[in-house]
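Computed from a prediction, not measured in an experiment: that's the story for all the values here.
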Amino acid sequence: MDLRSSSKETVEMEPDAPVYVGKEDDIKKSQRITTKVNDREIVVFYHEGKFYAMDSRCYHAGGPLHLGEIEDINGQPCIICPWHKYKITLETGEGLYQAINPMEQSPTPRWQSKGVKQRIHKVTVDNGNIYVSPPDLSVSFDSDYYADKCKNNGDFAMEK
């Protein structure tokens, strides 16, 4: 079974009810899957004993986050967008960048936050099954633009 491909099944559920996305052991083995939750494409990661879920397209230019590498940055696991190397924390969806303080004698680059840019989704493990809660759309995030753009056909043509 190829867990990286999106499921085509549609299950009728309450709009706010967590959505079943796969078996715990299968996702642990594959380390990541892409799936749909209420018509929104998301990626679920398993990294160092913990599950994370976020919109599958990068907030910056819609890059495919499921193809990115996970790196530890400043003590936080982050997905690195394969298109432009944007760094996004798995836990909070914050965009990270390195900056220097030019007022320092010997400026040293330090990691800074751009704030939460990527929508994250709550993951629940129950009896070997993984569920993802639908997003609270009353709050908007930068990644919503690409999530909405990809909603109908699951992909879009863009110049990088």
Side-chain angles (χ1 to χ4, degrees), residues 1-71 76-96 113-160:
M1 175 178 2
D2 180 9
L3 293 175
R4 289 181 185 239
S5 61
S6 296
S7 170
K8 299 297 180 196
E9 287 184 35
T10 304
V11 179
E12 290 295 319
M13 300 184 86
E14 294 178 33
D16 295 333
V19 176
Y20 171 81
V21 296
K23 291 284 187 191
E24 180 179 10
D25 288 340
D26 293 339
I27 298 172
K28 282 180 176 179
K29 283 180 202 160
S30 68
Q31 302 289 297
R32 62 187 72 189
I33 63 164
T34 56
T35 190
K36 290 217 173 193
V37 173
N38 290 13
D39 291 328
R40 188 181 195 98
E41 187 178 274
I42 63 159
V43 59
V44 178
F45 295 104
Y46 178 74
H47 180 71
E48 295 184 350
K50 190 165 181 189
F51 289 94
Y52 304 91
M54 62 177 46
D55 286 351
S56 68
R57 296 291 178 161
C58 179
Y59 72 89
H60 168 246
L65 294 179
H66 69 282
L67 298 177
E69 295 296 322
I70 296 175
E71 293 180 17
Q76 302 176 83
C78 296
I79 187 73
I80 311 303
C81 180
W83 282 6
H84 302 108
K85 308 304 178 205
Y86 274 54
K87 289 131 180 78
I88 304 164
T89 64
L90 293 178
E91 187 79 38
T92 64
E94 284 179 272
L96 299 181
S113 173
K114 297 177 187 179
V116 176
K117 300 291 188 177
Q118 193 76 20
R119 184 180 294 278
I120 59 166
H121 304 271
K122 181 182 176 194
V123 179
T124 305
V125 181
D126 184 24
N127 202 25
N129 296 315
I130 303 297
Y131 298 87
V132 174
S133 297
D136 173 5
L137 298 176
S138 68
V139 180
S140 64
F141 295 93
D142 291 6
S143 65
D144 291 344
Y145 174 79
Y146 293 102
D148 290 341
K149 192 167 184 151
C150 295
K151 193 178 273 190
N152 294 331
N153 61 2
D155 209 351
F156 60 93
M158 289 202 62
E159 293 178 21
K160 294 184 264 179

A.B. asks: Could you give the distance from CD1 (Ile88) to CD (Gln118), rounded to the nearest 0.5 Å?
C.D. replies: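 Answer rounded to 0.5 Å: 4.0 Å.
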A.B. asks: Mind jotting down which residue pairs meet the salt bridge (Lys or Arg N to Asp or Glu O under 4.0 Å) criterion with at least one end in residues 83-94? Sequence neighbours excluded, please.
C.D. replies: Lys50-Glu91
A.B. asks: If you apply the rule side-chain contact (heavy atoms from CB on, under 4.5 Å), what do you find for Cys150 with Glu41, and how did you get there?
C.D. replies: CA-CA 8 Å; Cys150 295; Glu41 187 178 274; 5.6 Å; no
A.B. asks: Distance from Ile120 atom CD1 to Ser133 atom OG, nearest 0.5 Å?
C.D. replies: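 Between Ile120 CD1 and Ser133 OG, I get 11.0 Å after rounding to 0.5 Å.
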A.B. asks: Could you tell me which non-hydrogen atom of Leu67 sits nearest to which non-hydrogen atom of Arg32, and how far apart they are?
C.D. replies: C-NH1, 4.1 Å
A.B. asks: Would you please name every residue forming a side-chain hydrogen bond (donor to acceptor under 3.5 Å, both in side chains) with Ser138, sequence neighbours left out?
C.D. replies: Asp136
A.B. asks: What pairs with Val37 under side-chain contact (heavy atoms from CB on, under 4.5 Å), at least two apart in sequence or on another chain?
C.D. replies: Val19, Val21, Ile42, Val132, Pro134
A.B. asks: Under the ring-ring contact (aromatic ring centres under 6.0 Å, His included) test, which residues partner Phe51, sequence neighbours left out?
C.D. replies: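 For Phe51 the ring-ring contact (aromatic ring centres under 6.0 Å, His included) partners, ignoring immediate neighbours, are Tyr46.
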A.B. asks: Just by distance, do the side chain of Glu24 and the backbone of Asn127 share a donor-acceptor pair under 3.5 Å?
C.D. replies: no
A.B. asks: Glu71: what forms a salt bridge (charged side-chain N to carboxylate O under 4.0 Å, His left out) with it, not counting sequence neighbours?
C.D. replies: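 Result, salt bridge (charged side-chain N to carboxylate O under 4.0 Å, His left out) vs Glu71: none returned.
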A.B. asks: Can you tell me how far the CG atom of Asp25 sits from the CG atom of Asn129, to the nearest 0.5 Å?
C.D. replies: 10.0 Å
A.B. asks: If you take all heavy atoms of Ser143 and Tyr59, which pair is closest and at what distance?
C.D. replies: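 In terms of heavy atoms, the two residues are closest at N-CB, 3.6 Å.
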A.B. asks: Would you say Arg40 and His121 make side-chain contact, with heavy atoms under 4.5 Å?
C.D. replies: yes
A.B. asks: His60: what forms a side-chain hydrogen bond (donor to acceptor under 3.5 Å, both in side chains) with it, not counting sequence neighbours?
C.D. replies: His84, Tyr86
A.B. asks: Go through it in stages, so that I can follow the logic: the residues are Tyr146 and Asp55, the test is side-chain contact (heavy atoms from CB on, under 4.5 Å), and I'd like the CA-CA distance, side-chain angles, deciding distance and then a yes or no.
C.D. replies: CA-CA 9 Å; Tyr146 293 102; Asp55 286 351; over 6 Å; no
A.B. asks: What pairs with Leu90 under side-chain contact (heavy atoms from CB on, under 4.5 Å), at least two apart in sequence or on another chain?
C.D. replies: Phe45, His47, Tyr52, Met54, Ile70, Pro77, Ile79
A.B. asks: Applying salt bridge (Lys or Arg N to Asp or Glu O under 4.0 Å), which residue pairs with at least one partner in residues 113-131 are found, sequence neighbours left out?
C.D. replies: Lys117-Asp142, Arg119-Asp144
A.B. asks: What verdict does the side-chain contact (heavy atoms from CB on, under 4.5 Å) test give for Cys58 and Leu65, after you've listed the backbone C-alpha separation in whole Å, the side-chain angles of each residue and the deciding distance to 0.1 Å?
C.D. replies: CA-CA 6 Å; Cys58 179; Leu65 294 179; 3.8 Å; yes
